[in-house]
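Comments concern the structure below.
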Amino acid sequence: MNFKELRDNFRTKKISAKEAVKESLAKIKDDKLNIFINHFEKEALGNAEHIDNNFEDFKDKPLSGVPIAHKDIFCTEGLPTTCGSKMLENFIAPYDSTVVKNCLDAGSIMVAKTNMDEFAMGSSNETSYFGAVSNPWNHDLVPGGSSGGAAACVSANLTTISTGTDTGGSIRQPAALCGITGLKPTYGLVSRWGMIAFCSSMDQAGPFSKDAFGCAALLDAMASYDEKDSTCTKRKEINFEKSLSKDFGSLNVGVIKNIEKLGINEDIINAYETSKTVLTGLGHKLIEVDFSELSSGICSYYVIAPAECSSNLSRFDGVKYGYRSDGEKDIVNLYMNTRSDGFGDEVKKRILIGTHVLSAGFYDAYYLQAQKVRRMIKVKFENFFKDVDLIFMPTTLDQAFEKNRKSDDPNKMYKEDLLTIPANLAGLPAISFPNGFKNNLPIGGQLIGKYFGEDLLLNTTHKIQEVTDWHKMTP
Ligand code: GLN
């Protein structure tokens, strides 16, 4: 069952929330892909019973009766929240993040929390303290990252929806590698309160599902104005699920000029070309846009993101919460050994880079330049959007790759994000959806929209999915 079928069955009483949860938990307990860090049988069954007993109150909610898995970056009251790190292995949050609370209020039942790259830093889910996640399509391959567990969970049909976060591509890239749909909303649409910070000016939570329909319903639940997040935007509420059936007419869709020069794998380009014909078949017009400065985005990101991470992660000092190294003779040793033992290599590398680029002698040379590039990319998008309604490009350069393949070469791994990072730098919404297969592995295509244009992104993807079958493929 996909999300819609499951929710329909709950609404028509063909299945109870408790039955749905039991089914999901049975599969979760049998998981061989290391998708989860924790699952919550007692809590989930209790919550499902509450929903079944109050059926009338819940039946029309966007996620009524549907099991959900949350990325382990979202704080959950009274339950562990690890962020994929030894530093938070035993951390119990004293409150629910706004996303978790919104999903609960919307009638979903949290069954588990998903594995992820440590503090959301990675593109392969191999930096998790709890071990790598396997790709459901081929267990020797990575699912992508950092929300690799969340994407694999939906891809393998363990739940029909899950939450992720996307700072530089961590929703769209794993969605592409696992053959599902994932949306990174406009910065400020979804509250970041209770979501452990990596790079606060880009972090944004969003939905995963097999299709745009599931993503729309989950986004309806997730998005809300929240006073507790000062970057959350007050806006006119849009019902994303309802907007799927709207007619937005014929669109101007920007497509990438000279795409063969970007170092994208041939199979991905072939899928891209096929998808262009799907778009024209739906009555849209294609307009070429020049994105030759794409690669400067990645350079800018890998200065700004470490800079913000070095600041954000300074709170993990062994004093306030989380891991504390034992028997230290003074406070300096306590800080030093706690952070040396508690963080993994990728996280420590980013803290070092971030501290360096913010230091007095290097701030102007690196951090300030990176911010200028960021502004340039934002302006570039604004200019594109004078002529086009959406931009279409592949999500990734490659399909899913082998574990350990890129881990020894950081530049290669960082390049994974070439096509996803520009939307984060500009704060724009973007969606990845399955748009082809090769060697029995999925390929993802990406649409980028205007600020708060999630309704158009979801609508366009939904229309594509009405005439294509890639999102229905199952590992
Ligand atoms: N792969 C990118 C990084 O490692 C993006 C991560 C993310 O979006 N959370 O920073």
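Predicted model only: the values in this text are computed from it and were never measured. Note that these values count all heavy atoms, side chains included, but never hydrogens, waters or copies made by symmetry. One-based numbering, in listed order, for ligands and for the atoms of each.
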Short N/O distance, under 3.5 Å, between [X] and ligand 1?
{"X": "T165", "result": "no"}
{"X": "D166", "result": "no"}
{"X": "G168", "result": "yes"}

What do we get for [X] next to ligand 1 when only non-hydrogen atoms under 4.0 Å count, side chain, backbone, both or neither?
{"X": "F119", "answer": "neither"}
{"X": "T167", "answer": "both"}
{"X": "A120", "answer": "both"}
{"X": "Y414", "answer": "neither"}

Within a distance under 4.0 Å of any heavy atom of [X], pick out the atoms of ligand 1 and give their elements.
{"X": "Y301", "result": "2 (C), 3 (C), 5 (C), 6 (C), 10 (O)"}
{"X": "Y302", "result": "1 (N), 2 (C), 3 (C), 4 (O), 10 (O)"}
{"X": "M121", "result": "4 (O)"}
{"X": "G122", "result": "1 (N), 2 (C), 3 (C), 4 (O), 6 (C)"}
{"X": "S146", "result": "9 (N)"}

Inset, instruction - Kindly check if the number of other-residue, nucleotide or ligand heavy atoms within 6.0 Å of NZ (K276) is above 12? - result: yes
| said: Side chains of T114 and K71 only: does a donor on one sit below 3.5 Å from an acceptor on the other? | reply: no
For atom 2 (C) of ligand 1, the closest protein heavy atom turns out to be D417 OD2, 3.2 Å
Shortest non-hydrogen pair, Y187 vs D203, comes out as CE1-O, 3.5 Å
Query - Aromatic ring proximity, centroids under 6.0 angstrom, F385 and Y451 - result: no
Output yes when [X] and [Y] qualify as a salt bridge under the 4.0 Å nitrogen-oxygen rule, no when they do not.
{"X": "E293", "Y": "K380", "answer": "yes"}
{"X": "K257", "Y": "D290", "answer": "no"}
{"X": "D72", "Y": "K113", "answer": "yes"}
{"X": "K86", "Y": "D341", "answer": "no"}

Just to be sure I'm reading this right: ignoring hydrogens, which of [options] gets closest to [atom]? Compare them by their nearest heavy atoms.
{"atom": "atom 1 (N) of ligand 1", "options": "S123, G169, G144", "value": "S123"}
{"atom": "atom 4 (O) of ligand 1", "options": "E346, M413, R350", "value": "R350"}
{"atom": "atom 6 (C) of ligand 1", "options": "P174, S170, S124, A305", "value": "S170"}

- Query: Under 4.5 Å between any side-chain heavy atoms of P306 and K349, yes or no?
  - Reply: no
Review point. Cation over ring, K4 on F213, under 6.0 Å and within 45°?
Key: yes
